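What follows is one structure encoded as structure tokens, with my remarks underneath.
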Number of protein chains: 2
Amino acid sequence: MSPRQNLARPMESILEVATGLFSEAGYSGTTIRDIAKGVGVLPGSLYAHIETKEDLLLGIVEVGIDHFLEAAETIDRDATPSDRMRMLIRAHVEVVAENPQRTLVVFHQWRYLTGANRARILEKRARYEDIFRKIMQDGLTAGEFDSSLDPKIAVLSILGALNWTAEWYRPDGPKSAAVVSDQIATAVLSGVLTR
Amino acid sequence: MSPRQNLARPMESILEVATGLFSEAGYSGTTIRDIAKGVGVLPGSLYAHIETKEDLLLGIVEVGIDHFLEAAETIDRDATPSDRMRMLIRAHVEVVAENPQRTLVVFHQWRYLTGANRARILEKRARYEDIFRKIMQDGLTAGEFDSSLDPKIAVLSILGALNWTAEWYRPDGPKSAAVVSDQIATAVLSGVLTR
DNA sequence: CCTACCGATCGGTAGG
DNA sequence: CCTACCGATCGGTAGG
């Protein structure tokens with residue numbers, strides 16, 4: 001990684017470099033010295049901008065999870081449950097596609113947060129997953145979703161498919177986020193069997 | 001974690017302790033001293049049994065991925081693609097259920113392997129995923145799977161749902177691996193919409 | 001943002 | 001498996 005002389009916006013540069021390093025080497029595997037080198041300053045100089053290494057992680061994870069929550073809030077509450085689920089899947093994939101590295105940090109590195117930082121992120125994560133659970137319940141109540149499904153496991157399967165996208169989606173790949181999200185939504189909603 | 005005096009099988013004890021610590025704190029976040037304390041010996045004593053910290057990780061990850069490969073090989077090659085997919089899903093969930101901590105290490109900590117170690121694990125992982133891709137292709141060819149699906153994305157969605165199980169499945173929870181795997185297989189194969 | 005540095009801890013080793 | 005230790009590196013700080 002070549003150092004960047006982004007002296008105008010030091011904090012932005014720090015967050016960008018840290019996101020890349022945390023996603024590749026993990027929080028514990030990334031040192032303050034690695035980040036400083038990526039930014040193009042000496043290690044001690046970082047502390048003019050950050051308080052601690054953990055605060056840096058918290059900033060990245062919290063901004064990331066907030067993106068998912070905000071995207072979910074744009075969804076039309078009056079649509080049918082299956083349409084809402086489709087829109088939620090699309091919103092999720094678009095957030096992943098916008099910044100897969102940050103998403104990897106959001107879903108894998110939150111474990112290294114401690115105390116109140118960790119609790120706040122877990123609360124937001126639960127809130128996000130509840131949006132899926134609510135739509136699942138509404139779909140079952142409305143008779144749109146298969147009543148033989150276990151709703152908890154169906155939601156966990158959908159979240160699994162979505163969280164996994166951050167591992168393989170490449171913004172410079174052949175498929176747009178819109179196409180990928182439609183294909184995931186179809187696979188999830190209709191299944192793989194021929195109808 | 002209380003130290004265990006498993007002096008009869010020191011290597012087994014070391015692997016068990018390391019698996020638990022790597023799954024909770026990550027490879028980089030776990031020190032040789034943490035492992036030694038969990039085993040109940042002094043740090044330097046570990047090196048009577050292991051070569052390096054990375055060899056310890058390699059041992060855990062390779063045994064883990066081998067479990068998935070071996071389970072997949074037991075599947076009846078003469079069954080229909082949809083039956084084979086259902087059996088593969090069940091085999092996967094049973095391996096996860098048998099040892100979720102090891103599975104978390106297999107899917108998240110392999111990144112800390114270097115050089116040839118990393119290459120060998122990635123090769124085995126690709127071989128495992130190819131089993132899913134083969135069944136998907138067979139199902140499309142046989143007309144059992146929906147031809148409007150993107151097969152790559154369908155497989156990635158299934159792998160995502162399955163890989164996610166290690167994050168939430170608890171062997172001491174209310175559902176057996178057989179029940180969970182059937183419910184995941186139903187959700188994946190038939191989708192969530194009412195038929 | 002740099003110079004210069006702190007005490008703590010890291011993976012690993014020699015010799016027993 | 002322990003004693004005793006190595007050089008390297010860690011997150012972070014004081015003073016400029």
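Everything numeric in this text was worked out from a predicted model, so none of it was measured. Scope of the values below: all heavy atoms of this structure, side chains included, with no hydrogens, waters or symmetry mates. The sequence lines fix the lettering, A, B, ..., with proteins before strands; numbering per chain opens at 1.
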In terms of side-chain heavy atoms of [X], which of [options] is nearest?
X	options	value
V41(B)	dC1(D), dT13(C), dC2(C)	dC1(D)
T31(B)	dG11(D), dC10(C), dC1(D)	dC10(C)
S45(A)	dC1(D), dC1(C), dG11(D)	dC1(C)
L42(B)	dC1(C), dC2(D), dC2(C)	dC2(D)

Discussion item. Does T30(B) reach a base, just sugar-phosphate, or nothing at all? Heavy atoms under 4.0 Å.
Written reply: sugar-phosphate

Nearest-Å distance for atom pair [atom1]/[atom2], residues [X] and [N]:
X	N	atom1	atom2	result
I35(A)	dC1(C)	CD1	P	15 Å
L56(A)	dG11(D)	CG	P	11 Å
H49(A)	dG11(D)	NE2	P	18 Å
L21(B)	dC10(C)	CG	P	12 Å
D34(A)	dC10(D)	CG	P	7 Å
K53(A)	dT9(C)	NZ	C1'	13 Å
K37(A)	dG11(D)	NZ	P	14 Å
E51(A)	dG12(D)	CD	C1'	12 Å

Tell me whether [X] contacts the main-chain N or O of [Y] through its side chain, where contact means a donor paired with an acceptor under 3.5 Å.
X	Y	value
Y169(A)	K175(A)	yes
T74(B)	E70(B)	no
K37(A)	L42(A)	no
S45(A)	V41(A)	no
Y27(A)	E54(A)	yes

By the Watson-Crick or G-U definition, both distances under 3.5 Å, dG16(C) is matched with dC1(D)

Point to revise | Distance test, side-chain N/O of Y47(B) to OP1/OP2 of dT13(C), below 4.0 Å | key: no

Heavy-atom nearest nucleotide on DNA chain C taken for R33(A) and for T52(B); more 5' hit belongs to R33(A)

The residue, I50(A) or A48(B), whose nearest nucleotide of DNA chain D is more 5′ is A48(B)

